[in-house]
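Here is the naming used below: chain letters follow the sequence lines, and residue numbers restart at 1 for every chain. Note that the coordinates shown come from a computational prediction; the quantities given were computed from them, not determined experimentally.
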Amino acid sequence: MQLIKDRHIIDDTWRYLADDAAPIDGDITVSLARWLNDKAQLLGHQGKLGVRIGPSDSAADLADDLAHLQLIELDFPDFADGRLFSQAWLLRCRYHYAGEIRATGHYMSDQVFYLSRVGVNAFKPEQAGHLAVELSHLNDFTVQYQKSVN
Amino acid sequence: MIFRLQGTKTLTMYQYNDTDQTLVDERVAQFRRQTEQFLKGEITDDQFRALRLRNGLYIQTHAPMLRIAVPYGLLSSRQLRKIAHIARHYDKNYCHFTTRQNIQFNWPKLEQVPDILAELADVQMHAIQTSGNCIRNTTADHLAGICIDEIEDPRPYCEIIRQWSTLHPEFDYLPRKFKIAVSGALHDRAATQFHDIGLHLVNNDAGETGFRVLVGGGLGRTPIIGQVIKPYLEKKHLLSYLEAILRIYNLFGRRDNKYKARIKILVKESGLDNFADLVEQEWLLTRDAQELSAERIQAMKMQFVAFDYDADAGQDHSFAQYQQDQPKFATWIRHNTVAHKMAGYRAVFLSLKAPDVPPGDMTDAQLDAVADLADRYSFGQLRTTHRQNLIFADVKQADLYPLWQQLDALKLATPNIGTATDIICCPGLDFCSLANASSIGIAKEINEALDDMDYLHDIGDVKINMSGCMNGCAHQSVGHIGILGVDKKGTEWYQLTLGGSSENEAAIGDRLGPAVAKHEVTQAITTILDVYVKQRLDGESFLDMVKRVGIDPFKEQVYATH
Ligand code: SF4
């Protein structure tokens with residue numbers, strides 16, 4: 001699978017670890033719940049660590065752990081649920097997270113410009129065919145009226 | 001920037017710079033692309049719905065409806081001519097003015113909407129965020145800058161808010177729509193107590209001017225009066241405070257039930273104190289990074305400086321003479337004009353409530369003619385009001401007589417501003433797919449029943465608001481008389497309320513009793529007005545009497561006749 005990161009299309013090296021799956025090698029993402037439960041064990045993991053959050057999760061729960069995380073995945077169940085936009089803003093501006101923030105799931109290709117402004121720097125569309133489209137949508141506007149992350 | 005126009009006339013409204021123009025142009029290009037993708041089947045109905053709504057485009061009963069933003073109700077004659085042009089070329093030769101100071105077209109073709117938006121961008125207009133669950137057009141007092149009871153002109157702050165809220169990346173997918181209103185006068189003409197956020201310019205004890213901030217007001221299904229969340233906010237913190245409220249709302253507002261998703265429900269369910277604490281904590285963390293500089297405020301105020309008024313305008317004697325000689329003119333002056341802070345000037349209401357015309361509608365020919373009159377008599381500018389009328393805000397008294405004659409010829413001088421036939425009314429069953437009942441036809445019937453102008457003027461200030469369903473687009477719950485269309489087993493019925501108000505003494509109307517049938521509505525209204533005429537005290541207004549006697553005397557008569 002491919003994704004957009006920092007405006008380039010690259011291969012996705014991350015692996016999704018379900019809550020009930022045994023640990024695997026490599027770069028893995030886990031749910032916020034699993035992270036909070038198994039933190040001690042996961043910290044010994046060989047490979048990079050990422051956490052998936054949904055709209056009702058709170059970015060504040062990760063505030064003290066951000067140094068251990070190379071990826072935070074915003075998992076959109078529904079493009080109309082805008083809470084993850086504020087979570088991204090909080091991760092960048094309030095908690096100064098500098099790693100990858102990635103949008104996945106049911107976000108809309110037409111939302112990538114706003115997502116990039118609130119600090120999302122990677123996009124993994126549900127359909128690989130949308131990669132090129134989303135790259136171009138990142139340039140929908142050359143001007144902006146207000147401060148955000150970018 | 002002051003924009004020179006036809007010799008001595010100057011425009012004092014916000015003029016786009018390169019950034020503003022680029023932004024609206026890029027938005028048009030984006031929507032053109034989105035529309036093409038939709039028509040090719042590349043984006044889903046659901047996705048396109050979210051995108052088109054944020055560009056003002058609804059799909060209605062008969063055709064799409066396009067809502068255009070009129071920021072805080074201010075329009076230039078050039079913009080009005082463009083609206084006339086759009087009405088002529090893309091619609092059925094008319095447009096509709098809404099209760100939130102915007103303009104709607106009822107018959108555009110989906111494929112042509114990008115072209116319409118491009119035409120609007122040519123005259124510094126757009127339809128951005130006039131719909132959808134995002135921050136909507138910021139509204140203001142329609143007498144801003146010219147009224148005699150003003151602390152400070154709210155429009156520079158409205159424009160600052162307009163820019164901040166436009167394409168705000170974090171707050172475009174809120175739980176529900178979000179409306180902000182700003183008032184700078186002692187008398188609240190902007191219904192700030194019924195907005196998600198209401199801002200009032202006020203003086204503090206030290207004599208400085210800042211904002212009193214209200215939150216959680218709203219109309220619709222659950223009308224609630226806004227509560228003061230911050231009695232005094234320094235101007236420099238305006239945007240940081242708005243941002244804090246919006247972030248808390250975006251994170252914690254309900255998303256499980258669209259009827260409980262407005263901020264008013266969040267404030268109610270969490271309690272004002274808890275909500276205010278959350279906002280305060282958020283705000284303290286961000287306010288220093290978001291200060292509004294005194295220079296920015298000053299530069300914005302320069303865009304709204306007063307016109308070059310004629311200091312001798314008050315010397316004219318013809319005005320008094322015409323009023324003496326022409327009773328009809330005097331009546332119009334009394335009802336359709338109001339005082340101006342500058343001696344020798346008055347603000348003129350153009351009534352869009354002529355009998356036989358759906359409230360708030362204007363034809364392309366009227367729009368063009370009004371643009372010419374604005375150039376000739378009111379510095380090339382006009383305003384839209386919350387009661388679906390227009391205003392020429394700056395007319396010299398010597399010009400009032402010729403202006404009246406011309407407005408009369410255009411059927412825009414019905415002397416009914418603020419009276420029982422100045423009805424605000426949503427499109428109802430005629431155009432709206434959500435409607436339970438029709439409203440335009442009832443407004444027409446009431447207008448016909450109250451065709452005796454002397455009677456109407458004797459009744460005086462009565463605000464009738466009528467909505468075709470619970471969504472309450474015409475704010476029936478704050479009408480002195482509210483009329484709400486309800487559906488009873490497939491037939492149209494109407495629920496009446498009395499005693500609502502959206503002004504300083506904010507109140508939600510009380511239900512009169514069981515809903516009445518369609519053919520009984522007009523009679524019920526005339527009965528209510530008759531009770532008032534018979535039982536009022538000397539000089540007592542309708543609203544005051546309802547407050548004094550309650551609804552029972554009205555109820556007895558309305559239901560007795562059935
Ligand atoms: S009040 Fe109801 S019927 Fe009237 S315009 Fe609004 S949604 Fe439509």
Return the minimal non-hydrogen interatomic distance between B/Leu251 and A/Gln87, and the atom names on each side.
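Taking B/Leu251 first and A/Gln87 second, the nearest heavy atoms are CD2-NE2, 3.9 Å.
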
Work out which heavy atom in B/Glu26 is nearest to a heavy atom in A/Val143; give both atom names and the distance.
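Nearest pair, atom of B/Glu26 first, then A/Val143: OE1-N, 3.9 Å.
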
Is [X] close to chain A through its backbone or its side chain, or both, or neither, when contacts mean heavy atoms under 4.5 Å?
{"X": "B/Asp20", "value": "both"}
{"X": "B/Phe171", "value": "side chain"}
{"X": "B/Glu282", "value": "both"}
{"X": "B/Gln30", "value": "side chain"}

Checking the side chain of A/Gln144 only, and the main-chain atoms of B/Leu23 only, is there a donor and an acceptor separated by less than 3.5 Å?
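The answer is no, because no donor-acceptor pair under 3.5 Å joins these two groups.
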
Can any side-chain N or O of B/Glu170 pair as donor or acceptor with the backbone N or O of A/Val118 at less than 3.5 Å?
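Not a single qualifying donor-acceptor pair exists.
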
Part of A/Leu115 within contact of chain B (heavy atom distance under 4.5 Å):
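For A/Leu115, neither part sits under 4.5 Å from chain B.
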
Chain B heavy atoms under 4.5 Å from A/Ser86: which part of the residue, side chain, backbone, both or neither?
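For A/Ser86, backbone and side chain are both near chain B.
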
Evaluate the side-chain proximity of B/Arg247 to A/Trp89: yes if any heavy-atom separation is below 4.5 Å, no if none is.
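Side chain of A/Trp89 against side chain of B/Arg247, heavy atoms only: contact under 4.5 Å found.
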
Side-chain contact test, heavy atoms from C-beta onward, threshold under 4.5 Å: evaluate it for B/Arg33 versus A/His137 and give yes or no.
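The answer is yes; the side chains approach within 4.5 Å.
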
Would you please classify the geometry between the B/Tyr173 ring and the A/Phe85 ring as parallel, tilted or perpendicular, with 30° and 60° separating the classes?
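Parallel, since the angle between the ring planes stays under 30°.
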
Return the option, out of B/Thr286, B/Asp172, B/Leu174, B/Thr22, with the maximum number of heavy-atom pairs under 4.5 Å with chain A.
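The option with the most such pairs is B/Asp172.
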
Testing the 3.5 Å rule here: is there a donor-acceptor pair between the side chains of A/Asp110 and B/Gln34?
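A/Asp110 vs B/Gln34: donor-acceptor pair found between side chains.
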
